[in-house]
Each structure stands twice: as structure tokens, then as C-alpha cells.
Amino acid sequence: MPELPEMETYKTLLNQKVGGKTLTGVSINREKSINVSPADFVNIVQNERIEVIERRAKHLLFHLKNGHVLLVHLMLGGRMFYGTEQEKPDRTVQIQLSFGNQHLYFIGLRLGYLHLFSEAEVKQELTDLGPEPLDANFTLDSFLDLVKNRRGKIKTTLVNQEFLSGIGNCYSDEIAWHAQLLPKRKMNELNDNEKVQLYQSIRFILQQAIQYGGYMDQPFFKGDTKTGTYDNKKYVYGRAGEACKRCGTSIVKEEISSRKTFYCKGCQT
DNA sequence: AGTTGAACCCGGACGC
DNA sequence: TGCGTCCGGGTTCAAC
């Protein structure tokens, strides 16, 4: 499931591919994926130019010239592909946005969606999100302040979108491993050094994952070599039974707060 | 404030 | 090849 680094990668590539382009066609194959009637959706979106694509947490915002915004959340299993009819993967397409003979395909949307809002409405939709962990304003001091009243586990706190936005199941494990902390440790039981380390690991892991194009291994377009190269860089997530890259101990998989969690018993404490 | 559990959704993996 | 069954998992919401 795409998290911050995956959406950041999509954002960069989308701006290159469709930023400034005009939507020539819209095809809605699954009405549940949108929040207005298909007719209204087409009326507002068709022949409109996409000015810029922005990311907020795990969402993407397609800003249209007419002031409307397409708010995308891929949730689980959702993905996008850009290319011609021939290049598109052999998968069910829920929504298709066309730019001449090139199309942006939304695939695997189940709980994921493409909602149409005004600028004011979209702002309202995103009000409950916590800070962006990679924002320049998100300093060590602001992190320590944020953590002050937290008593939950590292794992559940990191994936809480109201605490920090954009971190999901995969990167919370990667961050805890990098910080050498057990995911089930309580926030309020961390000492100052551990809190500082956690902050630094959040920034490091997310930045590194973006640099490697995230871990979604399906290409965004034909010939895409950027997307998904973090997949074989992963330290713990999905590596149960494999050797820890730091100490060699076998990585374990355990359910923590009803979430699949991976960590190393050898070097995380 | 934290935790748990259910509901949402359906493509695709799996079993026979 | 085909049919039935069940899983995954971010988010929301209710209950404790």
C-alpha cells in the first residue's frame, strides 16, 4: 500500500507527464470511486487543464485550472499507470483520465478514491492530518513537543495520521529498525537520546525511500526505472526469516495492535 | 489518550 | 478451464 515516499514518487512523475496538460477525456468504470455523479464529474473535469499535482500525506491533489481539485487516495492495492492503450497493464481499470492518446489509469481502487472538491472543501478534508515529517518546519523541537503527551507504542503512534502524516505499515517498521527501537516500545518510556534517534530515523528513512522511488515495484510508465527501487533496500518489512542487515539475526514477523510488524530481536531494544 | 474490533471493498490468489 | 472462497489493510467509527 502506497505511503508517503510512493506518493511523492508518483507526484514527481505525474508533474512531468501530465502537469500543464489538458484532460481530453474521462472514463468512470466504477462510480463508487468518485463522490459526485459521473455526469457532474465529466462536466467539471473534461477539457480542463491540470495546473500542478501536489502531495499531502498519502494523498495527491490534482489542481485544475477552474479551481477544482481531484483528491486521490490509493488506499490498499491502488496504483496508477500512464501510457497508451497498448502499454497499460492487463488489469481492471476503475477510472481513466485521457490526454490525447496517452491515458492515466487508476487500477486496483477498492477503498481508494478520486474525489472532486473545491479548494475550500479539500482543505476541510485534510484538516485532521498531522504535520508532514519532511517539511522544513518539522524540526527536532517540534517532534519532541509532539511526542510529549504520547503514551502509545512506537508502531501505532507512527502510523497515526493525526500524529504525523504519511507513514504507514511498511515505513513504521523501517524507521523503528533504523532507530534500533522495538516497535512495541512505549513513546513515554523512551529516553531523550532515543527520541532524538527516532526523529532522525523518520527523516532518514523517508528521504532515502523517496530517493529510491519507494517500494511499489510496478512501473508508472513503460521504461520507468525510478519507481520501486527501494523494494530491495528494505531492512525488515516483508523480510521474515531473512538475516538482519545490521546484526544477522533472523527477522521476525509479529502482530502488534492487529498490524503485521517486522523487526529484529538482535539489535532493536 | 489508547486499544480493540468491525465495516468498508473486490481483485486476485488459492483450492479443488 | 472454471467455479467458489477468502484474504488484505488504511481509514473511520463506536465502545470501553
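Numbered from 1 within each chain, the chains take letters A, B, ... in sequence-line order.
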To the nearest Å, give me how far apart [atom1] ([X]) and [atom2] ([N]) are.
X: A:H115; N: C:dT11; atom1: NE2; atom2: C1'; result: 13 Å
X: A:L111; N: B:dG11; atom1: CG; atom2: C1'; result: 12 Å
X: A:M1; N: B:dG11; atom1: CE; atom2: P; result: 18 Å
X: A:K58; N: C:dG9; atom1: NZ; atom2: P; result: 12 Å
X: A:K32; N: B:dC8; atom1: NZ; atom2: P; result: 9 Å
X: A:L126; N: C:dT12; atom1: CG; atom2: P; result: 10 Å
X: A:Q161; N: C:dG9; atom1: CD; atom2: C1'; result: 13 Å
X: A:D128; N: C:dT11; atom1: CG; atom2: C1'; result: 12 Å

Show the atom names and distances, to 0.1 Å, of all donor-acceptor pairs under 3.5 Å that link a side chain in residues 186-193 of chain A to residues at least two apart or in another chain.
unit_1: A:N191; atom_1: OD1; unit_2: A:N193; atom_2: N; d: 3.0
unit_1: A:N191; atom_1: OD1; unit_2: A:E194; atom_2: N; d: 2.8

For nucleotides 1-6 of chain B, read 5' to 3', which letter fits each nucleotide if B means a protein heavy atom sits under 4.0 Å from the base, S means only the sugar-phosphate is that close, and - means neither? SSSS--

Linking directly or through intermediates, with side-chain heavy atoms under 4.5 Å: list the remaining ILVMFWY members grouped with [X], chain and number order.
X: A:L111; result: A:M75, A:L76
X: A:Y105; result: A:F81, A:V93, A:I107
X: A:V252; result: A:L182, A:Y263

May I ask you to list the residues of residues 72-81 of chain A, by number, that have any heavy atom positioned under 4.0 Å from an atom of DNA chain C?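 Those residues are A:H73, A:M75, A:L76.
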
Distance-only criterion, 3.5 Å: show the donor-acceptor pairs between side-chain atoms of residues 119-126 of chain A and protein atoms not counting sequence neighbours.
unit_1: A:E119; atom_1: OE2; unit_2: A:H63; atom_2: ND1; d: 3.1
unit_1: A:E121; atom_1: OE1; unit_2: A:S118; atom_2: N; d: 2.8
unit_1: A:E121; atom_1: OE1; unit_2: A:S118; atom_2: OG; d: 3.4

Between A:Y230 and A:Y215, ring centroids under 6.0 Å: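 Between A:Y230 and A:Y215, the centre distance exceeds or equals 6.0 Å.
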
Under the side chain to side chain donor-acceptor pair (under 3.5 Å) rule, collect the residues that match up with A:T139, sequence neighbours excluded.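 Result, side chain to side chain donor-acceptor pair (under 3.5 Å) vs A:T139: A:S142.
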
Using the six-membered ring wherever Trp is involved, compare the ring planes of A:Y199 and A:F138 and label them parallel, tilted or perpendicular (cut-offs 30° and 60°).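 The arrangement is tilted - the two ring planes meet at 30° to 60°.
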
Set of residues satisfying side chain to side chain contact (heavy atoms under 4.5 Å, CB included) with respect to A:H178, sequence neighbours excluded: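 Expected list: A:Q197, A:S201, A:F204, A:I205.
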
Please list, in numerical order, the residues of residues 162-179 of chain A that have a heavy atom closer than 4.0 Å to any atom of DNA chain B.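 DNA chain B contact set from residues 162-179 of chain A: none.
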
Does the side chain of A:R259 get closer than 4.0 angstrom to OP1 or OP2 of C:dG10 through an N or O atom?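 Answer yes for this pair, as a side-chain N or O of A:R259 is under 4.0 Å from OP1 or OP2.
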
List the residues meeting salt bridge (charged side-chain N to carboxylate O under 4.0 Å, His left out) with A:R79, not counting sequence neighbours, and say none if there are none.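 Partners of A:R79 under the salt bridge (charged side-chain N to carboxylate O under 4.0 Å, His left out) test: none.
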
Any ring pair (Phe, Tyr, Trp, His ring centres under 6.0 Å) pairs touching residues 12-47 of chain A, not counting sequence neighbours?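 For residues 12-47 of chain A: none.
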
